[in-house]
Amino acid sequence: MKRMNIGFLASHNGSNMQAIINACKTGVLQASPVVVISNNAGSGALARAKQEGILSYRFSSKTHPDPAELDLAILDAMLEHQVDIIVLAGYMKKIGPKTLSHFSSRILNIHPSLLPKFGGKGMYGSRVHQAVIASGEKESGVSIHIVDAEYDTGPVIAQARVPVESVDTPEVLASRILQCEHTFFAETLQKIVTGEIVLPGPRANVPKNAVSDTDP
Ligand code: GRF
């Protein structure tokens, strides 16, 4: 039976991507990782894809200087591998209009704060956690949201709360939040598979290529 096909976009370490791949392997997530695209030739994400035997591509402004061609290359790869849902796992670039339009409401990003707080351009990595601590927040967390043409502005579909301790450094808080991300992303994707979370848009919630293992 066909499972939900996931295509990844990732720029750096890819630990969230790895956690999702692991959840697919153990069956916690009824989905299949089918393709990995990174803009960064030296990324951990590409190394992990190779290790896992998942097809991968490096597409960037170096391989495709024209942004429209880069957008099309990403879209073509996702279509060629029959991707149902695109997962941004630490992807540092904006998504082009053709990919956004074809995968409308089917591109998800994970962000290490409780959006709309501490998101947007320039809010990535330890900057997020520095800002959270500097603001005296008592809690932070993880947001999973639908991707639009800007950074971190699309509708939030799931959030998990993580405490901020008074002694936290940005590194300690980042590590606590990353640990939460690793289970929360796969759990949220599984809720999409089962229909517990309904993505907006004209298509059925479980993307058109996918059928849950429990369907007759
Ligand atoms: C995560 O903190 C995620 O929230 C953010 O980028 C980081 C990616 O980490 N979007 P990794 O590459 O998955 O380890």
Side-chain angles (χ1 to χ4, degrees), residues 2-37 45 48 52 54 78 83-92 95 99-100 103-119 123-124 128 139-148 150-163 173-201 203-215:
K2 184 155 185 337
R3 286 148 60 104
M4 183 170 83
N5 283 344
I6 299 176
F8 290 97
L9 284 164
S11 297
H12 295 299
N13 183 16
S15 71
N16 274 287
M17 183 190 86
Q18 184 72 58
I20 292 168
I21 293 169
N22 293 348
C24 292
K25 287 198 215 171
T26 59
V28 167
L29 172 57
Q30 292 170 299
S32 302
V34 293
V35 64
V36 175
I37 299 174
R48 290 175 193 273
E52 295 287 342
I54 301 170
M78 296 296 178
V83 165
D84 296 301
I85 198 155
I86 298 177
V87 164
L88 270 52
Y91 188 58
M92 304 301 285
I95 305 298
T99 305
L100 272 180
F103 283 90
S104 174
S105 298
R106 297 296 182 278
I107 308 177
L108 300 180
N109 181 46
I110 188 162
H111 184 80
S113 77
L114 293 173
L115 290 173
K117 288 180 168 181
F118 309 105
M123 272 293 170
Y124 58 85
V128 177
E139 65 176 8
S140 186
V142 178
S143 299
I144 294 175
H145 68 93
I146 292 168
V147 172
D148 62 15
E150 301 303 323
Y151 291 114
D152 307 325
T153 52
V156 171
I157 61 162
Q159 283 185 319
R161 295 176 183 279
V162 174
L173 181 57
S175 150
R176 190 180 305 126
I177 288 179
L178 191 62
Q179 206 179 343
C180 174
E181 290 184 54
H182 288 165
T183 50
F184 191 60
F185 213 165
E187 283 169 9
T188 302
L189 288 165
Q190 179 62 11
K191 285 183 181 171
I192 292 170
V193 170
T194 61
E196 195 176 326
I197 292 177
V198 178
L199 297 176
R203 288 197 232 155
N205 189 51
V206 177
K208 63 182 176 186
N209 287 326
V211 175
S212 136
D213 280 350
T214 54
D215 283 353

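Numbering of residues begins at 1 and proceeds along the displayed sequence.
Counting heavy atoms from C-beta on, the side chains of Ile6 and Val34 never come closer than 4.5 Å. For the pair Arg48 and Met17, the minimum side-chain heavy-atom distance is below 4.5 Å. At least one side-chain heavy atom of Ile157 sits less than 4.5 Å from a side-chain heavy atom of Leu199. Considering only heavy atoms from C-beta on, Leu178 stays 4.5 Å or farther from Pro112 through its side chain.
With rounding to the nearest 0.5 Å, the separation of CG in Asp152 from OG in Ser113 is 7.0 Å. Note: Leu108 CG to His145 NE2 = 9.0 Å, rounded to the nearest 0.5 Å. Interatomic distance, Glu187 CD to Ile20 CD1, rounded to the nearest 0.5 Å: 11.5 Å. A distance of 15.5 Å separates OG1 of Thr99 from CZ of Arg106, quoted to the nearest 0.5 Å. Atom NZ of Lys117 and atom OG of Ser143 lie 11.0 Å apart (nearest 0.5 Å). How far OH of Tyr151 is from CG of Leu115: 14.5 Å, rounded to the nearest 0.5 Å.
Residues Gly14 and Ala45 come closest through the heavy atom pair CA-CB, 4.2 Å. Between Phe118 and Val128, the closest heavy-atom pair is O-CG1, 3.9 Å. The two residues Ala186 and Leu29 make their nearest non-hydrogen contact at O-CD1, 4.0 Å. For Ala158 against Ile197, the heavy-atom pair with the smallest separation is CB-CD1, 4.4 Å. The heavy-atom pair separating Ser15 from His182 by the smallest distance is OG-NE2, 2.8 Å. Heavy atoms only, all atoms of each residue included: Gly141 and Ile177 are closest at O-CG2, 3.7 Å.
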Exercise for review: List the steps, then state whether side chain to side chain contact (heavy atoms under 4.5 Å, CB included) holds for Thr183 with Val28.
Suggested key: CA-CA 10 Å; Thr183 50; Val28 167; over 6 Å; no
Exercise for review: Could you please spell out the steps behind the side chain to side chain contact (heavy atoms under 4.5 Å, CB included) verdict for Met78 and Ile37?
Suggested key: CA-CA 9 Å; Met78 296 296 178; Ile37 299 174; 3.7 Å; yes
Practice item. Evaluate the side chain to side chain contact (heavy atoms under 4.5 Å, CB included) criterion for residues Phe185 and Val87: first the C-alpha distance (whole Å), next the side-chain angles of each, then the deciding distance (0.1 Å), finally the verdict. Key: CA-CA 9 Å; Phe185 213 165; Val87 164; 3.6 Å; yes
Practice item. Kindly indicate, with the supporting measurements, whether the criterion side chain to side chain contact (heavy atoms under 4.5 Å, CB included) is fulfilled by Leu173 and Arg176. Key: CA-CA 5 Å; Leu173 181 57; Arg176 190 180 305 126; 3.9 Å; yes
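A side-chain donor-acceptor contact under 3.5 Å links Gln190 to the backbone of Gln30. Looking at Asp84, its side chain does come within 3.5 Å of a backbone N or O of Asn5 through a donor-acceptor pair.
Using modelled atom types and a 3.5 Å distance limit, the side chains of Gln18 and Glu52 yield a donor-acceptor pair.
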